[in-house]
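Report on the following structure.
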Amino acid sequence: MSGNLSPFHFAIVGGGTAGWMAALLFAHKWLKPASEQTRPVKITLIEAPDIGIIGVGEGSTPSLKRFFQQLGIADSEWMPACQATYKTNIRFVNWSPAAAAMGLGSDYSHPFISQPDLHSETAFYSNCFKRRLGLAVETAPEKFLLNGYLAAQQLAPLTPANFPFRIEYGYHFDSGLLGQFLKQKALAMGVQYQALTVTAVNQLPDGRIASLSGEIADGDSKAVQTLDADFFIDCTGFRASLLQQTLQVPFESFASNLFNDAAVVLPTEAFAIPPVETKATALSNGWAWQIPLRHRSGNGYVYSSAFLSKDAAELELRQHLGLLDSEVNARHLQMKVGQVTRSWEKNCLALGLSQGFIEPLEATALHLVQSSIEQFIDAFADFSDEGQAEFNRQVHQRFEAVRDYIVAHYKLSSRSDSHYWRANSSNMQLSESLRQILDVWFRQGDLAQELSRQEQGRQQSGSHFGATSWHCLLAGYGVFPPLRQPQPANVSDAFTELELAAFFNGCSLNFQPQHLLWRD
Ligand SMILES: Cc1cc2nc3c(=O)[nH]c(=O)nc-3n(C[C@H](O)[C@H](O)[C@H](O)COP(=O)(O)OP(=O)(O)OC[C@H]3O[C@@H](n4cnc5c(N)ncnc54)[C@H](O)[C@@H]3O)c2cc1C
């Protein structure tokens, strides 16, 4: 961005979480004092007052912690404003009857990985390897990872200053309040705001977007307004008005192996002592989330409309929550699951639901929004056609890698109590990368090595779901052969030999329940 001195203008269309996250990270990077930049930058966020935000999306991964840290916003500032709670873990309930039948329990955990787990991850892998050979050793993920202990004891992941390890955690939050909070912050940083329903996207002869036209309320009438910009960020949600509707970038559906395309949402009362985990319970045709906030709990049933009607889904969720007699209204949503072939086309970048969505299991959407914004900032600052193509390739592959992990939950589930679960487990529409991961597991190969081989192939490090996450899923599901009979004598069990329970229970003494930390 060098040359003339007129500001380079980014127009962000959409004021959901994706739009405001982009506004803040752009402002942090580019709204600098004039002396610090070669060309001034202007950022305008445009939002249709008559089109609401999706209003779900209330669980995060640990990347949101990094989002607030880089903006210098403390947990103590934003969390009370957004009724937020800490999240150390996702607990999966009733996903694998096979695990329960093997005595491994009907629940398992997928904890976020913290620094003390460096001490135990190898032990976890080693025990899983022995169990794949038919040896009777401990393999429950939550027993090998500190955040599993914090979740079981309902402890907040905040350490005293003298605790020498870094703890990773995510959050649960009210998405409407988060949007309002981010908006205030962005306005304070100099982002301009325009309430405007975009009705036309005006293009230059070469296809680039030149301006947006829309209607703005003016007393009882409506005035038409046009807004020029140099670069446009499409955060219009599932509508995808700019990238898909105007620039016609194709959308790749994931329906061949992710069947869920609908959700029904119902709030319940807040917990007296809020858990520090999201609960994901498998139901007849999908799964239900439970997200504990300070002022309420968020609940929703994510299901496939090809297998279950809207009314039956609502009834099942009400039964699951014990809300059959409640008059609380449910909200029904459609989901478009898949991704665009290119997130960045000409002078337009799509972020959030307009870019793609891999259903909410594992709560990865905002993580993908954030990583796309951060990567775009790097690529844009040093713009080249090759850089743009590389950005698109990496974002596309990141979605594919996350998709593999989510698909595995359905493919490997041993539930067979409905057409839906049977269709999932018999579905052979799997990516080559997922087939290889499963093949290595079943052949008693080295899973960490296979994942690292795949990352190298993608020329991308730091895939969101690493070896420990995959071990949590596969061990939690009990994807193991029957135990050898008889068991060999003196099988070493790394869990007991390293006295991990004593280590983690000792660590846990440093933590407190989160409600004791709240001032209000
Ligand atoms: C059932 C479900 C559960 C989910 N759970 C999670 C979760 O646990 N964790 C997670 O990370 N994510 C989750 N997500 C995804 C998450 O909700 C979204 O990624 C996130 O809210 C960002 O949405 P968005 O900003 O892209 O779109 P939206 O919130 O839909 O915002 C769209 C914006 O575009 C504006 N707009 C649209 N058209 C126009 C126009 N013509 N002119 C001007 N403005 C316009 C609207 O006014 C609105 O401000 C979930 C999604 C679903 C469907």
Side-chain angles (χ1 to χ4, degrees), residues 89-111 124 127-128 130-145 148 151-152 257-260 275 277-290 299-304 306-308 312-313 315-322 359-362 404-430 434 437-439 441-442 447 465 469-485 487:
N89 183 42
I90 305 176
R91 188 149 61 90
F92 290 85
V93 181
N94 292 341
W95 286 78
S96 184
M102 293 161 88
L104 298 174
S106 57
D107 303 10
Y108 78 92
S109 285
H110 178 197
F124 182 34
N127 268 22
C128 286
K130 286 180 187 156
R131 185 62 190 78
R132 284 190 275 158
L133 297 175
L135 303 175
V137 289
E138 181 61 72
T139 54
E142 58 273 25
K143 297 203 169 165
F144 289 85
L145 302 164
N257 51 23
L258 289 174
F259 299 161
N260 296 340
E277 63 183 7
T278 300
K279 191 158 89 173
T281 306
L283 297 181
S284 72
N285 288 275
W287 63 279
W289 75 76
Q290 180 192 64
N299 309 279
Y301 183 7
V302 179
Y303 64 96
S304 165
F307 292 84
L308 192 69
L315 181 65
E316 192 178 348
L317 180 63
R318 286 186 182 277
Q319 276 165 343
H320 171 64
L321 297 172
E359 79 136 271
L361 193 63
E362 300 280 353
D404 276 354
Y405 191 70
I406 306 300
V407 169
H409 290 74
Y410 295 98
K411 175 67 189 163
L412 296 172
S413 170
S414 51
R415 286 186 71 119
S416 58
D417 53 320
S418 66
H419 290 306
Y420 168 87
W421 288 108
R422 289 191 292 276
N424 270 296
S425 57
S426 62
N427 186 15
M428 294 311 289
Q429 301 288 314
L430 305 179
L434 178 55
I437 288 169
L438 299 182
D439 186 53
W441 181 265
F442 287 117
L447 192 57
F465 295 108
S469 292
W470 278 98
H471 278 84
C472 288
L473 169 59
L474 292 156
Y477 266 52
V479 184
F480 294 125
L483 288 174
R484 275 200 227 165
Q485 296 297 348
Q487 284 283 302

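Everything numeric in this text was worked out from a predicted model, so none of it was measured. When reading the values below, keep in mind they use all heavy atoms of this one structure, side chains included, and skip hydrogens, waters and symmetry mates.
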Measure the CG-CG distance between Asp404 and Asn257 for me, rounded to the nearest 0.5 Å. 8.5 Å

Pair Glu316, Ser284 - check side-chain hydrogen bond (donor to acceptor under 3.5 Å, both in side chains), show working. CA-CA 8 Å; Glu316 192 178 348; Ser284 72; 2.6 Å; yes

How far apart are the closest heavy atoms of Trp289 and Val302, and which atoms are they? CZ3-CG2, 3.5 Å

Residues that Trp470 engages under ring pair (Phe, Tyr, Trp, His ring centres under 6.0 Å), provided they are two or more places apart: Tyr405

Going by the rule salt bridge (Lys or Arg N to Asp or Glu O under 4.0 Å), which residues pair with Lys143 if we only count those two or more places apart in sequence or in a different chain? Glu138

Between the CZ atom in Arg131 and the CG atom in Leu104, the distance rounded to the nearest 0.5 Å is 6.5 Å

Please collect all salt bridge (Lys or Arg N to Asp or Glu O under 4.0 Å) contacts where either partner lies in residues 413-425, sequence neighbours excluded, each pair once. Arg415-Asp417

Residues that Ser469 engages under side-chain hydrogen bond (donor to acceptor under 3.5 Å, both in side chains), provided they are two or more places apart: His110

Let me check something: any side-chain donor-acceptor pairs from residues 472-485 under 3.5 Å, sequence neighbours excluded? List them with distances.
unit_1	atom_1	unit_2	atom_2	d
Tyr477	OH	His409	O	2.6
Arg484	NE	Leu133	O	3.1

Please enumerate all residues that pass side-chain hydrogen bond (donor to acceptor under 3.5 Å, both in side chains) together with Tyr108, with sequence neighbours excluded. none

Determine the minimum heavy-atom distance between Cys128 and Trp441, stating which atoms define it. CB-CH2, 4.0 Å

Taking Asn424 for the side chain and Tyr420 for the main chain, is one N or O donor matched with an acceptor at less than 3.5 Å? yes

Donor-acceptor under 3.5 Å (Gln487 side chain, Gly134 main chain): yes

